[in-house]
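First comes the structure, then the notes that go with it.
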Amino acid sequence: MSPARDQRQKRRCHPVSRGLPGFLGRRRIASHPCVRAIHARRPPCRLASGRCSPWYSTARQRESARWPVRRPNQVVPVWSVSRFFVPEWAGIRFRADHSGPVAGGEEQNDCIGVAPTLPRPGRGRYNRMRMTESPHVIIADLSDHVDSTVTLEGWLQGKRSGGKVIFLHLRDGTGECQCVVEAGAPTVFEAAGTLTQESSLRISGAIRADDRAPGGFEMSVTALEVVHIAEEYPIARKAHGVDFLMSHRHLWLRSRRPGQILRIRHTMIKACRDFFDDRGFTLIDTPILTPGAGEDTQTLFPVDYFGEEAFLAQTGQLYLESACMALRKVYCFGPTFRAEKSKTRRHLTEFWMLEPEIAFAELDDVVDLAEDMMCHIVARVLERHRADLENLGRELAPLEKVTAPFPRITYSDAVDQLRSPETLIFLEEELVRDRARLAQWMAELKTLEQQLEEARKPWQQEKIRAQMSDLTEVIGDLERDVENRPQHIQLAQSFEWGKDLGGSDETIISRQYERPVFVTDYPREAKAFYMKVSPHDSRVVRNVDLLAPEGYGEIIGGSQREDDADMLEERIKAFGLDPADYGWYIDLRRYGSVPHGGFGLGIERTLSWICGLKHVRETIPFPRLMGRMYP
RNA sequence: UCCGGCGUAGCUCAAUGGUAGAGCGGGUGGCUGUUAACCACUAGGUUGUAGGUUCGAGCCCUACCGCCGGAGCCA
C-alpha cells in the first residue's frame with residue numbers, strides 16, 4: 001500500500017479526530033439520536049423476544065423517534081445533520097450531494113488494509129474506536145447481519161488451510177465465527193497466512209449462512225487488519241492436564257469451557273443479587289480486615305495491621321447482624337478467606353459467599369428464604385444457559401427438579417435415617433447398581449481399546465487415548481467410591497447422635513432425595529456459639545444446612561441467632577472464648593433484641609453443583625488453593 | 001497433619017534393568033471447503049533433585065522437592 005493512499009485513508013477514517021467541525025460539535029454528536037443509537041452498539045442490546053441488532057432495537061425501543069435508525073445498508077432519512085456530526089466509524093456514509101447518509105458500507109474495500117504495527121493509541125474515543133467503514137458487530141448478533149458486510153474484532157482461535165483457501169476461526173468474546181479467506185484477494189490471503197493462534201485482528205466481509213460452518217454462519221473475508229501477531233501460544237488445540245492449564249489460567253480463560261463457566265457464574269451471581277434486591281434487601285459491605293476475636297485462629301489468615309495482628313474475614317455475619325437491626329433485611333456479598341489446610345476438590349482458600357440476614361425472623365423464615373433463592377437462581381441459569389450447561393456435559397434433568405418445596409428433616413431424623421434398615425437396603429441396592437455401571441464402563445473401555453487398534457491415523461489414536469484416559473479416571477473414581485461404600489454404610493449404620501455429619505453421611509442423605517435437602521437442629525456442641533438454642537430441645541440449636549443433590553455436599557449453612565444477651569454470653573464462655581472480645585456483638589441483644597437469622601451461600605460450591613463440575617477451582621477466575629497462588 | 005498416586009521433548013503420553021520414542025504444537029514444502037483438516041520433510045532431551053544398588057538405571061532402593069487425589073475441617 002502506498003504512503004499516499006495510506007494518508008488518504010487516514011483522512012477518510014478520522015474526520016472527527018482531525019479537528020474538523022464535527023469535533024467542535026461533540027456534545028451535539030453525543031446527543032444526536034442517530035449517534036446514541038450507534039453508541040448503543042456497546043454493550044450489545046438484546047430484547048427479551050430474542051436476538052436483535054443494537055441498531056434495530058434502539059430504533060424499536062424509541063417508537064416515536066424522529067430519527068429512526070434502521071438496519072445497515074438502508075438509506076436513512078436524516079435531514080438537518082451535517083456529515084461531520086456522525087463519525088465515519090459508525091459505518092454511515094454520506095451521499096456526495098449531502099442529501100443524507102447511507103448506512104452501511106457500500107464501498108467496503110477501499111478503507112481497509114493490513115496495519116503493519118499496532119494501531120497508534122489515540123486520545124479521543126473516535127481515535128480509539130476504529131474505523132473500517134462497515135459496521136462493527138459482535139458474533140452473537142451475526143444472525144441479524146446475514147448478507148450484509150460487517151467488521152468483526154477478535155482473536156484467532158484456530159486456522160486451517162487448503163492451498164488456495166484459509167479458514168480463520170475467530171473468537172470475539174461473544175461467540176465464534178469461521179472466516180473464509182480465498183486466494184483471490186492476495187494481500188488479505190498473505191496476511192491471513194501469517195496469523196498465529198490467538199493473534200488479534202479486525203476482519204471484514206460479507207456474512208453468509210452456510211451449513212458447513214460451525215455455528216451456521218461464516219464470513220467471506222474481503223479485508224483484514226492485523227492488530228497483533230501472537231507469539232507461540234502455549235495452550236494447543238488438544239487435551240491438556242489440569243495442572244498445566246491452571247498454571248496458564250490467565251490464558252486458559254480464553255478457552256471455551258472456562259468462558260462458559262464464568263458466564264454462568266455471572267448469571268448466578270446476578271440472579272442472587274436480583275433476588276434480594278427485588279425483596280427489599282439492602283446490600284451491606286462488611287469488613288475484610290477484622291480484629292483477632294480470640295476465635296479459633298487456625299483457619300484465619302493473619303495480617304500485620306500496623307503492628308497489631310488482624311485477620312482476613314471468614315464471614316460477614318456478625319457485622320451483618322448489626323446492620324440487620326438497622327435496615328431489617330440485608331445481605332452481603334464478598335470474598336471470604338479460610339486458611340484450612342484442605343486439598344480437596346471442594347476447597348478454596350479464597351471464595352465468595354452471599355450472606356442474607358433478616359430481622360423478626362425465626363428458623364422457618366430463614367429456610368423459606370433459602371428455598372426461594374435456590375429455586376430462583378437455578379431457574380435463571382436454566383433459562384439462560386441451557387446450551388452452555390449441555391456443552392459442559394451437565395445433565396439438565398436433576399436441575400429441572402429443583403423446585404419448592406425441598407424436603408426438610410431434622411438432624412435427629414437424619415440420624416434415624418442413617419441407621420434405618422431402609423437406608424441399608426437403599427445403599428446396598430445402590431451399590432449393586434454402581435457395580436453394574438462400573439462393569440458397563442469397563443465394557444466401554446474395552447470397546448475403545450478395540451477402536452484404538454483399528455484406528456489407523458495417529459491423531460485418531462490420540463483422540464481415542466484421550467477418551468480412554470477420561471473414562472479410566474471416571475472408573476477409578478467410581479471404583480474407589482464403591483470400595484469405600486461398605487465402610488460408609490458401616491459408619492452410617494453405627495452413627496451416634498451428637499456427632500457432626502461427616503462427608504459420607506451427607507452424601508448418603510442427599511442421595512436419597514432428588515432435590516436439595518434441608519437438615520436442621522444439629523447438636524449444640526457441633527455448631528457455632530451464636531446459634532440459638534432450640535426452645536423445644538436444649539440439646540440442639542436452630543440451624544440449617546442445605547445439602548446439594550448428587551453428592552455435592554453442603555452449599556448453605558445458616559441459623560437463627562441467639563437473641564438473649566445472657567444466654568449468648570454463656571455460650572461464648574462455653575466455647576472457651578472471652579465475652580470481652582464480643583462486646584459490641586452482645587450489645588445488639590441489649591437494645592431491642594429481636595429474633596433474627598440468616599445463612600451463607602458458597603458461590604463456588606453451588607456453581608460447581610449447577611455446572612456438574614468435579615472441582616470448585618474451575619468456578620472462579622483465579623483460584624486460590626493451598627499451594628497455588630499463581631497466576 | 002496423615003494416607004495414596006504421579007514427576008520422561010513446549011504439551012499429552014509410551015518405553016521386560018540393555019540403542020529414550022510417538023502424536024500434537026513450532027519450522028519448511030504441498031493441497032480451493034476445512035471442522036483439533038490432511039500429506040511429506042525437519043528441529044526439539046542433564047528422564048524433578050541428590051545419593052545408593054548394578055557390568056549397565058527412565059525403570060530397583062533412600063531422602064528431599066513439586067503436583068494431584070482422599071481423610072479430618074469446612075461453604
Side-chain angles (χ1 to χ4, degrees), chain A residues 157-169 176 178-184 189 196-197 210-215 218 220 231-248 256 296 298-299 314-315 317 335-355 455 457-466 468-469 473 476-477 480-481 483-484 487 491 500-504 506 526-528 545-548 552-558 599-609 614-617 619 625-628:
Chain A
Q157 208 168 30
K159 184 174 78 174
R160 295 176 289 273
S161 63
K164 297 273 162 41
V165 61
I166 299 177
F167 299 96
L168 302 175
H169 193 171
E176 294 163 24
Q178 172 166 290
C179 306
V180 189
V181 183
E182 287 178 293
F189 187 76
T196 51
Q197 191 185 356
D210 193 316
D211 290 340
R212 292 172 296 186
E218 67 177 17
S220 298
E231 292 173 28
E232 191 185 328
Y233 190 62
I235 303 179
R237 306 240 286 157
K238 55 164 289 189
H240 290 277
V242 179
D243 184 48
F244 171 81
L245 289 170
M246 271 300 165
S247 299
H248 294 81
R256 202 176 290 161
D296 181 16
Q298 274 206 331
T299 60
Q314 253 194 349
T315 167
Q317 184 210 311
T336 55
F337 306 89
R338 307 249 167 125
E340 285 157 12
K341 293 189 174 169
S342 303
K343 292 161 80 168
T344 80
R345 57 182 74 172
R346 296 184 309 280
H347 285 87
L348 296 165
T349 53
E350 177 183 315
F351 66 96
W352 287 67
M353 192 154 69
L354 183 92
E355 296 175 276
K457 300 263 161 58
W459 68 270
Q460 285 175 333
Q461 292 177 0
E462 189 70 16
K463 206 168 178 175
I464 293 170
R465 274 210 201 92
M468 280 172 65
S469 90
E473 206 185 323
D477 281 357
R480 201 173 31 241
D481 192 17
E483 232 170 73
N484 293 336
Q487 195 195 337
L491 264 174
D500 202 355
L501 296 176
S504 64
E506 286 182 354
K527 290 288 162 183
D545 282 356
L546 180 65
L547 307 181
Y552 276 88
E554 184 183 345
I555 52 175
I556 281 180
F599 63 85
L601 170 84
I603 294 293
E604 286 77 14
R605 278 197 187 171
T606 307
L607 191 58
S608 184
W609 161 58
K614 263 183 71 178
H615 201 304
V616 285
R617 68 188 155 192
T619 61
L625 300 138
M626 186 187 161
R628 180 179 286 281

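All heavy atoms count here, side chains included; hydrogens, waters and symmetry mates do not. Treat the numbers as computed from the prediction; the structure is a model and nothing was measured.
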Between B/A36 atom P and A/His240 atom NE2, what is the distance in whole Å? 14 Å
Which part of the nucleic acid, if any, lies within reach of A/Ser161 when heavy atoms closer than 4.0 Å are counted: base, sugar-phosphate only, or nothing? base
In whole angstrom, give the distance that lies between atom CD of A/Glu231 and atom P of B/G27. 13 Å
What is the distance, rounded to the nearest whole Å, between atom CZ of A/Arg160 and atom P of B/C24? 16 Å
When you measure from the side chain of A/Thr349 to the backbone N and O of A/Ala339, does any donor-acceptor pair fall under 3.5 Å? no
From CG (A/Asp545) to NZ (A/Lys527), nearest 0.5 Å: 4.0 Å
NA contact type, A/Glu218, heavy-atom cut-off 4.0 Å: base, sugar-phosphate, or nothing? base
Span that lies between the C1' atom of B/A22 and that of B/A43, in whole angstrom: 16 Å
Would you mind building the protein contact string for nucleotides 70-75 of chain B? One character per nucleotide, 5' to 3', B for base within reach (heavy atoms under 4.0 Å), S for sugar-phosphate only, - for untouched. BBBBBB
Rounding to an integer number of angstrom, what distance separates B/G58 and B/G4 when you compare their C1' atoms? 22 Å
Using a 4.0 Å heavy-atom cut-off across all strands, classify A/Phe167 as base, sugar-phosphate, or nothing. base
For Watson-Crick and G-U wobble pairs within 3.5 Å on both distances, what is RNA chain B written in dot-bracket notation, | included for inter-strand pairing? (((((((..((((....[..)))).(((((.......))))).....(((((..]....))))))))))))....
Give me the distance, rounded to whole Å, that separates B/C59 from B/U47 when you measure between the P atoms they each carry. 10 Å
Applying a 4.0 Å non-hydrogen cut-off, can you work out what A/Arg256 is touching in the nucleic acid: base, sugar-phosphate, or nothing? nothing
Any idea how A/His248 and A/Phe244 line up, ring-wise: parallel (<30°), tilted (30 to 60°), or perpendicular (>60°)? tilted
Using the rule given for side-chain contact (heavy atoms from CB on, under 4.5 Å), can you reason through A/Lys164 versus A/Glu182, listing the C-alpha separation, both sets of side-chain angles and the distance that settles it, and then say yes or no? CA-CA 6 Å; A/Lys164 297 273 162 41; A/Glu182 287 178 293; over 6 Å; no
Using the C1' atoms only, state how far B/U16 lies from B/A63, rounded to an integer number of Å. 28 Å
Would you check if A/Arg346 and A/Glu554 make a side-chain contact, meaning some heavy-atom pair closer than 4.5 Å? no
What integer distance in Å separates A/Lys164:NZ from B/C31:C1'? 9 Å
What is the distance, to the nearest angstrom, from the CG atom on A/Asp243 to the C1' atom on B/G5? 14 Å
How long is the line joining CG of A/Leu245 and C1' of B/U12, in whole Å? 11 Å
Please assess A/Thr619 against A/Arg605 for the test side-chain contact (heavy atoms from CB on, under 4.5 Å), listing each intermediate value before the final yes or no. CA-CA 8 Å; A/Thr619 61; A/Arg605 278 197 187 171; over 6 Å; no
Straight-line distance of A/Leu348 CG to A/Met626 CE, nearest 0.5 Å: 13.5 Å
Just the rounded figure in Å: distance from P of B/G25 to NZ of A/Lys159. 12 Å
The reported gap from CG in A/Leu168 to CD in A/Gln157 (rounded to nearest 0.5 angstrom) is 12.0 Å
From A/His240 NE2 over to A/Ile235 CD1, what is the distance, rounded to the nearest 0.5 angstrom? 6.5 Å
First of A/His248 and A/Gly158 reached from the 5' end of RNA chain B, by closest nucleotide: A/His248
Distance in Å, A/Leu354 CG paired with A/Leu601 CG, rounded so as to fall on 0.5 Å steps: 6.0 Å
Nearest-Å distance once atom C1' is located in both B/U53 and B/U62: 11 Å
In whole angstrom, give me the gap between the C1' atoms of B/A50 and B/U42. 37 Å
Classify the nucleic acid contact of A/Pro214 as base, sugar-phosphate or nothing, counting any heavy atom under 4.0 Å across all strands shown. base
Interatomic distance at P, B/C68 relative to B/G33, whole Å: 46 Å
Round to the nearest Å and state the distance from A/Met246 atom CE to B/C68 atom P. 9 Å
With C1' as the reference atom in both, quote the distance from B/C39 to B/G23 in angstrom, rounded to an integer. 15 Å
Are A/Leu625 and A/His615 packed together at the side-chain level, in the sense that at least one heavy-atom pair is separated by less than 4.5 angstrom? yes
